[in-house]
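See below for the structure under consideration.
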Protein chains: 2
Amino acid sequence: MKGKKEVTIYDIAKKLSLATSTISRGLKEHPTISKKTVEKIKKTAAEMGYRPNNLAASLRGNKMKTIGVLLPTITQPFLSSLISGIEEVAQKAGYTVLIMQSHDSYKEEVELTQSLYDNRVSGVICSLAMETKNTDHFKRFIENDTALVFVDRVPKSFDTYHVVIDNFAAGYKATKHLISQGCKRIAHITAGNEFSIYYERKQGYLAALEEHNLTIDDELIVRVDRITYKEARKATLKLLELQKPPDGIFAPGDILGVSAIQVAEQQGVKVPEKLAIIGFNNDPISSIIDPNLSTVSHPAFKMGQTSAEIIFNRLRNTKNKSDIVKQIAFLNTEILVRESSKKS
Amino acid sequence: MKGKKEVTIYDIAKKLSLATSTISRGLKEHPTISKKTVEKIKKTAAEMGYRPNNLAASLRGNKMKTIGVLLPTITQPFLSSLISGIEEVAQKAGYTVLIMQSHDSYKEEVELTQSLYDNRVSGVICSLAMETKNTDHFKRFIENDTALVFVDRVPKSFDTYHVVIDNFAAGYKATKHLISQGCKRIAHITAGNEFSIYYERKQGYLAALEEHNLTIDDELIVRVDRITYKEARKATLKLLELQKPPDGIFAPGDILGVSAIQVAEQQGVKVPEKLAIIGFNNDPISSIIDPNLSTVSHPAFKMGQTSAEIIFNRLRNTKNKSDIVKQIAFLNTEILVRESSKKS
DNA sequence: TTGTATGCGTTATCAG
DNA sequence: CTGATAACGCATACAA
């Protein structure tokens, strides 16, 4: 009933009348093994259909050659690109990628964190769930010498590696762009708690308004519970129904921005003439929708690569691991001006 | 310099003056251990910060509680939904998900297959790379008793579980829909080799034409090398520039369909009046683009769930593993009629 | 109900 | 350059 028994280095050893240790070393081209022997071992191994057992190998070092990736969701262009970036770097390094979705739930995040730990991954790359405020569940990784990198949605007060964009600056730039197009009443859609990227973006938005002496009107700032088309639709509608509707919207996500465009058109509000809109992320839809959505480029793939590279650097230098307690990599963002915000 | 040493069942045993085997059993609530002892063990384990080592546990059974997922890419709505479905089921079953991207390359697929094997995953869910014709690299899983399920892009001649939609029927239905809207010259965009889902869809398209006595015009069938907006644009342009351009396009993917809509509009060809278009997959963009793209629903999430369920069923019933050599689950598809194809 | 002993496949250490 | 052996952490067969 069982499948064929596995070929182990022991089998190879027996066949070649060598010690298992020699086989083990030969397979890894250890310098102390003669060329000839190495070749012989490799040849025989291939013939016998030998395949290493990463499990057994990892048991000694107590770590799998695996990077755990913990994200809110993966069905989002930005995040799947991020994974792609991680994957590319990991694959080259001979590591595999374990992916988990927190669905923006704190509870799930905590559980998955444990699962990752139980699997003894070498490193963890995480973007926090929207709900998450306390990040104590990550401490175990530090104590255990597991490389830890937070990306995009990072905790405020956790000393480790962060890969982010400057959300404040991006929000500021986006808002300023709308102002430069002549907008006077700029609305904003926000989400999450005070630890979230959306909070930062909002701060940037507020700063830009202040700098240009535009009054900050609370009714122009609406909140969504989740980033969905439906929620965004409601939010936009609310804005358009105001006594004094906005002439610009800074939507901190393209889903929100696209929704805004659609609702506006449905309501007969011309974009960008009557209402300029800028989104965030540069999702594929942003350049498909008509009018094209201006947006802020978010280097997702690059962020993934960078995160993974940090992990591997950290893994390589076992020495100075405790030297750096915190390091933040800021990646560049750019305002992509497209049709939805071109008034001038 | 090292992190704290790990707490093992041995440490717990020492602390409680019990045998490691008792601890091991107590942790899993083995019936032969007294309630009291179980509780005591669990409490102490928690206090000491014990976390199981899946590596060690798996080494005995020679399999990790992990499902390997091998896909062409993950940055595609259809595939990331599929993963989501797999993830959900796996998470409930206490399994983790290892994800790899073949980037539609045969070579990468073979390598990743090995990597999956080396990690001793319990099951593999795979959607084949576009390039792949030979699937011998999957045989090892069968021999090794690793549950194997192919999903969506499945091999022609491999006896194992398949989870698919009826691509022929879907292609037939989509084409028939266009015919019912009065189209006489229906174009088609195709891709991949004769083992691909696109081939099946094309066959369905051809069958529908034949059934309705529409002449099959080779110049109406164009081929793209990869499913990208750019490629699709070129293909559509080619069609529109024909002496006798088509009055309908069956695009076997929403990316292709969306591109077709855009190119048509740019060229001043009214959709659907002059050109009816239907896509495939029901990607998010299909209902965002204006006019909305008619499409064929592809139950991605469901396919993921089904694939995972098959894996776990198979894993549970170790007995009759060789009884079923091949089993195909066909999931339902539906024509979603939207603006882009509504002539009548 | 609990304890003892052993093995899973590999690698590191220490000998030769 | 190669060999013997212990160890990684856990789970099981067999004893008690």
Side-chain angles (χ1 to χ4, degrees), chain A residues 2-42 44-45 48-65 94 117-122 144-145 318, chain B residues 2-42 44-45 48-65 117-122 144-145:
Chain A
K2 294 190 183 175
K4 294 174 192 166
K5 259 212 306 300
E6 304 234 344
V7 179
T8 71
I9 55 170
Y10 186 77
D11 300 319
I12 304 176
K14 211 159 54 179
K15 187 152 199 168
L16 291 177
S17 302
L18 287 171
T20 57
S21 47
T22 308
I23 307 299
S24 172
R25 288 189 279 238
L27 256 8
K28 318 183 72 188
E29 308 191 39
H30 197 281
T32 79
I33 304 289
S34 74
K35 285 261 181 206
K36 268 190 193 169
T37 315
V38 169
E39 263 179 52
K40 196 167 58 181
I41 291 174
K42 288 205 160 187
T44 315
M48 298 178 72
Y50 169 80
R51 281 270 94 205
N53 185 330
N54 289 346
L55 267 169
S58 304
L59 180 57
R60 310 200 82 256
N62 198 34
K63 287 275 197 310
M64 282 288 263
K65 280 196 145 196
Y117 181 87
D118 295 351
N119 278 288
R120 299 301 189 271
V121 295
S122 296
N144 176 249
D145 258 2
T318 322
Chain B
K2 294 189 185 175
K4 295 174 191 166
K5 258 212 306 298
E6 304 235 343
V7 180
T8 71
I9 54 170
Y10 185 78
D11 299 319
I12 304 177
K14 211 159 52 179
K15 186 153 202 167
L16 291 176
S17 301
L18 287 171
T20 57
S21 51
T22 308
I23 308 298
S24 171
R25 289 189 277 240
L27 256 9
K28 316 182 73 187
E29 307 191 38
H30 197 282
T32 78
I33 304 288
S34 75
K35 284 260 179 208
K36 267 190 193 169
T37 314
V38 168
E39 263 179 53
K40 197 167 57 179
I41 291 174
K42 288 204 159 189
T44 316
M48 299 178 70
Y50 170 79
R51 280 270 93 207
N53 185 330
N54 289 347
L55 266 170
S58 304
L59 181 56
R60 310 197 81 255
N62 198 34
K63 287 273 197 307
M64 281 289 262
K65 280 197 146 197
Y117 181 87
D118 295 351
N119 278 289
R120 300 301 189 268
V121 294
S122 296
N144 176 247
D145 258 2

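Every chain is numbered from 1 and lettered A, B, ... according to where its sequence line falls, protein lines coming before strand lines.
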Could you report the tightest heavy-atom contact between B/V7 and B/M48, atom names first, then the distance? CG2-O, 3.2 Å

Identify the two heavy atoms, one from B/R120 and one from A/L55, that lie closest to each other, and give their separation to 0.1 Å. CB-CD1, 3.7 Å

Is there a side-chain polar atom (N or O) of B/S58 under 4.0 Å from OP1 or OP2 of D/dC10? no

For A/M64 versus B/N119, what's the shortest heavy-atom pair and its separation? CE-OD1, 3.4 Å

For B/A56, side-chain contact (heavy atoms from CB on, under 4.5 Å) partners two or more places apart: A/L59, B/N53

CD on B/E39 to OG1 on B/T44, rounded to 0.5 Å: 11.0 Å

Here the salt bridge (charged side-chain N to carboxylate O under 4.0 Å, His left out) pairs for residues 49-62 of chain A, sequence neighbours left out, are A/R51-B/D118

Degree of bending in the helix from C/dT1-D/dA16 to C/dG16-D/dC1 once both end axes are built from five pairs, to 10°: 40°

Nearest whole Å is fine: how far is D/dA11 C1' from B/R60 CZ? 4 Å

DNA chain D contacts made by residues 8-33 of chain B, counting heavy atoms under 4.0 Å: B/T8, B/I9, B/S21, B/S24, B/R25

Using a 3.5 Å cut-off and no angle test, enumerate the donor-acceptor pairs between side-chain atoms of residues 9-27 of chain B and protein atoms at least two apart in sequence or in another chain.
unit_1: B/D11; atom_1: OD2; unit_2: B/T8; atom_2: N; d: 2.8

Not counting sequence neighbours, which residues clear side-chain contact (heavy atoms from CB on, under 4.5 Å) with B/E29? List them please. B/V38, B/K42

In whole angstroms, how far is the P atom of D/dG9 from the CE atom of A/M64? 15 Å

Atom pair distance, as rounded to whole Å: CG in B/L55 and C1' in D/dA7: 15 Å

Anything under 4.0 Å to a heavy atom of chain A counts; send over the first and last such nucleotide of DNA chain C, read 5' to 3'. C/dG9 to C/dT13

For B/Y117, side-chain hydrogen bond (donor to acceptor under 3.5 Å, both in side chains) partners two or more places apart: A/E6

Which residues share a side-chain contact (heavy atoms from CB on, under 4.5 Å) with B/K65, sequence neighbours left out: B/Y95

Answer with base, sugar-phosphate or nothing: what part of the nucleic acid does A/T37 contact at a heavy-atom distance below 4.0 Å? sugar-phosphate

Against the side chain of A/L59, the closest entry in D/dC1, D/dG9, D/dA7 is D/dG9

